[in-house]
Amino acid sequence: MNFNKTEFYASYGQFKQIPESEKPEVAFSGRSNVGKSSLINKIFNRKNLARVSSVPGKTATINFYSTDNICYIVDLPGYGYAKIAKDEKVRWSGLIEGYLTADRDIALVMQLIDMRHPPSADDLHMIDFLVEAEQPFVIVFTKADKLSKKQREERMNGFAEEIPYFDQIETIEFSAVTGEGVEKIRSIIEEVTQQEEQ
């Protein structure tokens with residue numbers, strides 16, 4: 001799979017606008033400001049493929065990117081940002097939930113969590129939802145470069161206590177700055193989309 005051959009495909013503000021699945025999809029989920037856009041740009045070697053915003057809660061749509069005509073990368077709206085109107089929150093949760101519960105060809109969900117902090121209530125809710133739905137997922141811990149080796153060990157020990165079924169979940173430590181975790185994420189995307197093709 002050529003990760004450089006990734007193009008923006010479409011944006012949808014409401015679930016009913018999304019066409020049916022035609023290829024395997026790898027979805028990226030996480031709270032606002034977790035570093036989703038930075039991660040997507042790093043994985044696909046592009047500066048502005050996913051628009052990075054300093055304003056949390058900016059991605060209010062589900063954005064689809066086509067990779068090498070093999071799969072879709074799906075950027076879900078960031079959740080958990082407090083300063084948005086209630087009706088907007090309802091629309092967002094409808095988008096995310098609608099997408100994840102629909103009969104779609106979702107090969108994998110990459111669940112992003114900021115490595116510097118314990119998981120939020122929304123993060124834990126999302127993990128519970130993925131476990132209950134038996135949806136394959138991995139947890140990507142972002143902003144790993146911002147912690148020392150000792151702090152990282154402490155946080156990983158903390159996550160083991162804080163996240164249910166932690167020992168059964170594949171985890172990746174990631175940094176958009178150093179590129180740590182990039183190859184692992186790419187190989188997982190290749191693996192799950194090839195399995196889907198067979």
Side-chain angles (χ1 to χ4, degrees), residues 3 24-44 50 52 56-57 59 62 71 73-82 89 92-93 95-97 99-101 104 106-196:
F3 286 90
E25 296 170 1
V26 177
F28 287 76
S29 161
R31 62 181 303 179
S32 299
N33 250 11
V34 74
K36 225 162 2 89
S37 301
S38 302
L39 180 144
I40 289 170
N41 289 335
K42 191 74 178 175
I43 299 300
F44 300 103
V52 178
T59 310
I62 290 186
C71 68
I73 299 303
V74 182
D75 183 9
L76 299 175
Y79 53 75
Y81 184 54
K89 272 190 184 165
W92 281 16
S93 62
L95 254 180
I96 297 170
E97 206 166 303
Y99 172 78
L100 289 171
T101 55
R104 303 192 66 78
I106 304 173
L108 187 75
V109 173
M110 298 260 178
Q111 175 61 38
L112 276 57
I113 293 176
D114 187 330
M115 192 170 190
R116 299 170 299 174
H117 311 293
S120 68
D122 288 323
D123 291 330
L124 294 172
H125 178 72
M126 195 63 155
I127 290 166
D128 281 340
F129 174 84
L130 294 168
V131 169
E132 286 289 313
E134 297 183 355
Q135 170 64 56
F137 72 99
V138 298
I139 294 177
V140 181
F141 292 112
T142 60
K143 310 190 183 187
D145 57 284
K146 296 191 170 11
L147 296 176
S148 68
K149 190 165 181 262
K150 186 171 185 296
Q151 288 170 321
R152 282 169 73 151
E153 279 174 20
E154 285 169 358
R155 272 315 315 131
M156 290 307 282
N157 290 335
F159 288 130
E161 301 289 319
E162 296 149 359
I163 297 174
Y165 314 106
F166 187 75
D167 57 341
Q168 298 167 45
I169 301 169
E170 179 154 11
T171 61
I172 302 163
E173 295 173 34
F174 174 83
S175 164
V177 176
T178 66
E180 179 185 355
V182 166
E183 288 310 319
K184 192 169 179 189
I185 292 172
R186 284 181 183 155
S187 69
I188 287 173
I189 291 172
E190 286 190 309
E191 190 186 323
V192 297
T193 53
Q194 278 165 1
Q195 278 175 1
E196 292 276 312

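Residue numbers count from 1 along this sequence. Just so it is clear, the structure is predicted and the values come from calculations on it, not from any experiment.
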Would you give the length of the straight line joining atom [atom1] of [X] to atom [atom2] of [Y], rounded to the nearest 0.5 angstrom?
X: I189; Y: I43; atom1: CD1; atom2: CD1; answer: 6.0 Å
X: I188; Y: E183; atom1: CD1; atom2: CD; answer: 11.5 Å
X: I73; Y: E25; atom1: CD1; atom2: CD; answer: 9.5 Å
X: I96; Y: F129; atom1: CD1; atom2: CZ; answer: 10.0 Å
X: L39; Y: L112; atom1: CG; atom2: CG; answer: 5.5 Å
X: L124; Y: I113; atom1: CG; atom2: CD1; answer: 7.0 Å

Is any NZ, NE, NH1 or NH2 atom of the basic residue among K150 and E154 found under 4.0 Å from an Asp or Glu carboxylate oxygen of the other?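 Yes, charged N to carboxylate O under 4.0 Å.
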Partners of T142 by side chain to side chain donor-acceptor pair (under 3.5 Å), sequence neighbours excluded?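 Per chain and number, T142 pairs via side chain to side chain donor-acceptor pair (under 3.5 Å) with no residue.
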Please name all residues satisfying side chain to side chain donor-acceptor pair (under 3.5 Å) with E180, sequence neighbours left out, ordered by chain then number.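 So E180 forms a side chain to side chain donor-acceptor pair (under 3.5 Å) with R152.
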Measure across [X] and [Y] and return the closest heavy-atom pair with its distance rounded to 0.1 Å.
X: S29; Y: M126; answer: OG-CE, 3.1 Å
X: K42; Y: G179; answer: CE-CA, 3.7 Å
X: Q135; Y: I106; answer: NE2-O, 3.4 Å
X: K146; Y: R116; answer: CD-NH1, 3.4 Å
X: A27; Y: L76; answer: CB-CD1, 4.3 Å
X: S148; Y: Q151; answer: N-OE1, 2.7 Å

Donor-acceptor pair between S120 and D123 side chains, under 3.5 angstrom: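 Yes, a side-chain donor-acceptor pair sits under 3.5 Å.
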Below 4.5 Å, heavy atoms only, C-beta onward: do I62 and V74 meet side chain to side chain?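 In short, these two side chains touch, coming nearer than 4.5 Å.
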Does the side chain of V140 reach to within under 4.5 Å of the side chain of F28, using non-hydrogen atoms?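 In short, these two side chains do not touch, never coming nearer than 4.5 Å.
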Identify every side-chain donor-acceptor pair in residues 156-170 under 3.5 Å, counting partners at least two apart or on other chains, and give the distances.
from, atom 1, to, atom 2, distance (Å)
N157, ND2, E153, O, 3.3
E162, OE1, R155, NH2, 2.5
E162, OE2, R155, NH2, 3.1

Could you walk me through whether K184 and I172 pass side chain to side chain contact (heavy atoms under 4.5 Å, CB included), step by step? CA-CA 8 Å; K184 192 169 179 189; I172 302 163; 3.9 Å; yes
Would F174 and M110 count as a side chain to side chain contact (heavy atoms under 4.5 Å, CB included) if you check the C-alpha gap in whole Å, the side-chain angles of each, and the deciding distance to 0.1 Å? CA-CA 12 Å; F174 174 83; M110 298 260 178; over 6 Å; no
